[in-house]
Amino acid sequence: MKPLVFIVCLLFMLAIGRCDAFAQITLAYDSSLQPVHYAAGKLSDALARKGRGIKILSEVNPGKLPSVWVINKGNIPRRLRKWVSAKDFEGLQPEGYAIQRIGDKRSIVILSKDAIGAEYGLLDLTEHVELHGGLDKVEAKRINPKFEYRIVKFNLPWSPYRVSKATEVHLQTCRDLKFWEKFLDMMAENRLNALSLWNNHPFPYMIRSQSFPLASGLSDAEMKEWQGFWKQLFSMAKQRGIQTYIINWNVVVSPEFVKAYGGKEYSDLSDQVKKYTKESVTQLIDEYEDLTGIGVTLADWMGNFPDKLTPQQREDWIDDTFVAGMKAARRPVKFIHRSVLAGDPVAMRELISKADLKDPALVEIKFNWSHGHSTPKLSISHDYHSGKIDERFWSPKPKDYNIQWMVRNEDFFILRWGQPDFIRQHIAFNSKDYVNGYFIGSEGYIPAADYSQKPSPEKTWQYAFEKQWLFYKLWGKLLYNPSTSDKEFENAFELKYGSGVGKPMLEATRLAGNMPLRLASFYRSTWDYTLYSEGFIEAEPAEAKGNFDRSNPLISITDLLDHPTLDPAMLSIADYVDSALMKKVVGEDVITPLALADSSEHDSRRALELVDGLMPRSGAATSAIKSELEDVAVWAHLGLYFADKLRAGVALKTFYRTGDAQQKQQAVILLQKCLNHWDQVIRFTKDRYLPTPHVMTQNYGPEFQVFHWELMRPQVEKDIAIADHAVFKP
């Protein structure tokens, strides 16, 4: 096009107000609403990165029709009534929003019933700008949240539940508000709307107890600094529409409390500790006005080991401390009551009913205990040590509380992971009328300092959660809207790494991400240390078994042979071999170990093909893609390792049952292939990852104080010797 013609066309398009690529963006919204103001800032920043300016107009009287007009609570300005009516708000739920085109589609209006819905509408436009550079392609939509609560579980490194070097490395990072600013931005971007902060005993870091001032070992100056930290953290969360909760374990006090006032640090049921706990709850609520709620867990310090309190005794203690403390506070707060080891929901129901809380309580139930990244079918819970599921928690349907599934991740701390189909299926299977949310997070892992990655040009991120961005994006976006398409996640890859990589990157990640899900579904596990999928580790036995090998934590070929499955649709190796030898017909809906092995190999090989096709794209400008792809390759080789180990297990179990020497030799050959797969895992991790402090293996010998796949190689090799020296005993 000739320059003069271009200029004439440009002037004409500007005159009619249709050239979004060059016209100034105007935005009208209520700046007094913090989440909306926050999101408006994000939209402004995105436009600025695209070289676009933005002008803020009055929400009530913006003058000319703005490019974007944010309307919430049903207050429709006169100027808008030509296009918007009260009917347009019908069906919108809290935190939901609608986007409409008005004024001959030149302008966009965001409708919501609350500030957070308006925030999400603006963040939606922000994502569109990042992808398309402007607002001209924005389409009309209406979105409501699937779940009211989309909660991140975040363990704090001070007064930690799990004491280890894997916790200590985060002390400095978790006191840095710059870290929290980025973490909260990530949560808002992914529609995660609640942050739950967990440690044994939070009060000494947050308040100076009026009746027990020596319970905190902090000086007055230190306490003032800590309080400033907490208030800023809660304020930043509130600005982003994120709720905040402090979770206390239960009957625990600080060492300083014991030194000053006597008693025991744990499981002290004295009136003194009850008084201290009750007053601390009240004082915490009164001193932190932006804190949304408080929570308490059953188990552990309530005398489970060995003097177990009855369910009624547990609830009575909570009534005397937490409920009484909340009632004495100057304002109501929300209450999280964990179900862990409750044993009997009747006492819990009575407590919550008697508490007469302003908002329904939140009752968190662990989905498949500590290993929620397994089968999406509820197979065990943590209401009993046995994992027994007690439907009385939700039947009859509760009136004054709702349930949130806790999908714990104790299975992958180092490698990136993402499998959108699993999350969609999990939501589809477990969306009940008594469920209004999910928790996601870990006990043995804190996503703060990235202490596993070696420095390199590939490391373009600062914090661990930034490396694991897809995990949070998938869970957050799909819990908010399960209909979110793969295209959105593909677009996210393309924004990071360039055009054309999104579809194959997501597909490779999806296929490789099946590996830990399959292992955890096949290898039944319970509490934290009973499985660490990315390391193929069982540090403690999930079942009482005399042959558990405490010399090393790797799941050996011996461990695999007789271990039960978690998913009821799966057959264990022992059951499969017995069925085959007795010529029993296996139903079409049953997944045998060999069928599982075939699926694992198929997905792993396809993932590696995709990695091979994408790897040449990685260059200096997008070096982090190489690290992402190599993580996919690690998962894929672990998937091949799992496949051949399952086959070896079937062969070795068959030898033990029949004495067939060919089966024994086949097991040896397959385990030699397993070693080759493990060597590929080492190849993709040796130069990228440091030997990493690991909470699960610290009780083993000095060679297991840190984790790396290379350090586990002798144990992988040991499997070959086990099979080679196997003896048939008729």
Next item on the list: Taking salt bridge (charged side-chain N to carboxylate O under 4.0 Å, His left out) as the test, write out the residues that go with Lys645, two or more places apart.
Entry: Asp719
Item checked: Audit row: Phe522, His563, ring-ring contact (aromatic ring centres under 6.0 Å, His included) steps and yes/no -> CA-CA 9 Å; Phe522 181 79; His563 199 85; 8.4 Å; no
Check: Are Asp559 and Ser556 linked by a side-chain donor-acceptor pair shorter than 3.5 Å?
Finding: yes
Next item on the list: Indicate yes or no: at least one non-hydrogen side-chain atom of Leu571 is less than 4.5 angstrom from one of Val586.
Entry: yes
Next item on the list: Kindly say whether Trp527 contributes a backbone atom to a donor-acceptor pair with the side chain of His371 at under 3.5 angstrom?
Entry: yes
Check: How would you list, by chain and number, every residue that makes a side chain to side chain donor-acceptor pair (under 3.5 Å) with Thr297, sequence neighbours excluded?
Finding: Arg338
Item checked: Distance-minimising heavy-atom pair for Ala723 and Ala667 -> CB-CB, 4.3 Å
Notebook entry, point to check: Can Glu507 and Lys503 be counted as an ion pair, charged N to O under 4.0 angstrom?
Noted result: no
Note to self: Which heavy atom of Ala520 sits nearest to which heavy atom of Ser374, and what is that distance?
What the structure shows: CB-CB, 3.5 Å
Check: Hey, is Glu127 close enough to Lys477 for a salt bridge, meaning N to O under 4.0 Å?
Finding: yes
Note to self: Checking Lys377 now: which residues fulfil salt bridge (charged side-chain N to carboxylate O under 4.0 Å, His left out) with it, not counting sequence neighbours?
What the structure shows: Asp567
Check: With the threshold set at 4.0 Å, does a side-chain nitrogen-carboxylate oxygen contact exist between Arg647 and Asp644?
Finding: yes
Next item on the list: Output yes when a side-chain donor or acceptor of Arg688 lies under 3.5 Å from a complementary backbone atom of Lys686, and no otherwise.
Entry: no
Next item on the list: Please name all residues satisfying side chain to side chain donor-acceptor pair (under 3.5 Å) with Ser452, sequence neighbours left out, ordered by chain then number.
Entry: Asp450
Checklist line | Closest heavy-atom pair and its distance - Thr173, Ala448 | finding: CG2-CB, 3.9 Å
Checklist line | Residue pairs passing the side chain to side chain donor-acceptor pair (under 3.5 Å) test where at least one lies in residues 650-674, sequence neighbours excluded | finding: Asp562-Lys653, Asp578-Arg657
Next item on the list: Please report the shortest heavy-atom distance between Pro420 and Asp486, naming the atom on each side.
Entry: CG-OD1, 3.9 Å
Next item on the list: Just jot down the salt bridge (charged side-chain N to carboxylate O under 4.0 Å, His left out) partners of Arg162, sequence neighbours excluded, or say none.
Entry: Asp528
Margin query: In terms of relative ring orientation, are Phe422 and Trp417 parallel, tilted or perpendicular, with 30° and 60° separating the classes?
Written below: perpendicular
Note to self: Ignoring hydrogens and geometry beyond distance, is a side-chain donor-acceptor pair present between Lys153 and Asn155 at under 3.5 Å?
What the structure shows: yes
Notebook entry, point to check: Looking only at heavy atoms, what is the nearest atom pair of Ile427 and Pro482, with distance?
Noted result: CG2-CG, 3.9 Å
Next item on the list: Taking Ser525 for its side chain and Tyr523 for its backbone only, find out whether a donor-acceptor pair lies under 3.5 Å.
Entry: yes
Next item on the list: Would you kindly say whether Asn190 and Lys473 are connected by a side-chain donor-acceptor distance under 3.5 Å?
Entry: yes
Next item on the list: Determine yes or no for a side-chain-to-main-chain donor-acceptor pair under 3.5 angstrom, with Ser600 supplying the side chain and Gly639 the backbone.
Entry: yes
Item checked: ring-ring contact (aromatic ring centres under 6.0 Å, His included) assessment of Trp405 paired with Phe429 -> CA-CA 12 Å; Trp405 300 123; Phe429 283 4; over 10 Å; no
Notebook entry, point to check: What pairs with Tyr641 under ring-ring contact (aromatic ring centres under 6.0 Å, His included), at least two apart in sequence or on another chain?
Noted result: Phe536, Trp678
Check: Mind checking whether His170 and Phe179 have ring centres under 6.0 Å apart?
Finding: no
Next item on the list: Would you tell me whether His602 and Asp598 have side-chain atoms, one donor and one acceptor, within less than 3.5 Å of each other?
Entry: no
Next item on the list: Step through the shown structure and confirm whether more than 12 heavy atoms of other residues, nucleotides or ligands are within 6.0 Å of NZ on Lys454.
Entry: yes
Note to self: Using a strict threshold of under 4.0 Å (side-chain N to carboxylate O), is an ion pair present between Arg510 and Asp603?
What the structure shows: no
Notebook entry, point to check: Taking only residues two or more places apart in sequence or in another chain, which ones pass ring-ring contact (aromatic ring centres under 6.0 Å, His included) with Tyr689?
Noted result: none
Note to self: Is a donor from one side chain sitting under 3.5 angstrom from an acceptor on the other, for Arg416 and Ser627?
What the structure shows: yes
Next item on the list: Please name all residues satisfying side-chain contact (heavy atoms from CB on, under 4.5 Å) with Ser456, sequence neighbours left out, ordered by chain then number.
Entry: Glu458, Lys459
Margin query: Contact between Trp158 and Cys174 at the side-chain level, heavy atoms closer than 4.5 Å - yes or no?
Written below: yes
Check: Do any N or O atoms from the side chain of Glu494 and from the backbone of Gly500 form a donor-acceptor pair under 3.5 angstrom?
Finding: yes
Check: What residues, two or more places apart in sequence or in another chain, satisfy side chain to side chain donor-acceptor pair (under 3.5 Å) together with Trp469?
Finding: Glu628
Next item on the list: State, to 0.1 Å, how close Thr460 and Ala624 come at their nearest heavy-atom pair, and which atoms those are.
Entry: OG1-CB, 3.3 Å
Checklist line | Phe367 backbone acceptor or donor facing Ser381 side chain under 3.5 Å | finding: no
Check: For Arg606, which residues count as a salt bridge (charged side-chain N to carboxylate O under 4.0 Å, His left out) partner, sequence neighbours excluded?
Finding: Glu609
Item checked: Residues which pass side-chain contact (heavy atoms from CB on, under 4.5 Å) with Glu534, listed by chain and number, not counting sequence neighbours -> Phe412, Phe413, Ile414, Leu415, Tyr532, Trp635, Trp709
Item checked: Backbone of Ala595 reached by a side-chain donor or acceptor of Ser599 within 3.5 Å -> yes
Checklist line | Residue pair Asp300 / Tyr161, side-chain donor-acceptor N/O under 3.5 Å | finding: yes
Check: Within the side chain of Ser196, is there an N or O that forms a donor-acceptor pair under 3.5 Å with the backbone of Val152?
Finding: yes
Next item on the list: Check whether any side-chain N or O of Ser521 sits under 3.5 Å from a backbone N or O of Thr375 as a donor-acceptor pair, and report yes or no.
Entry: yes
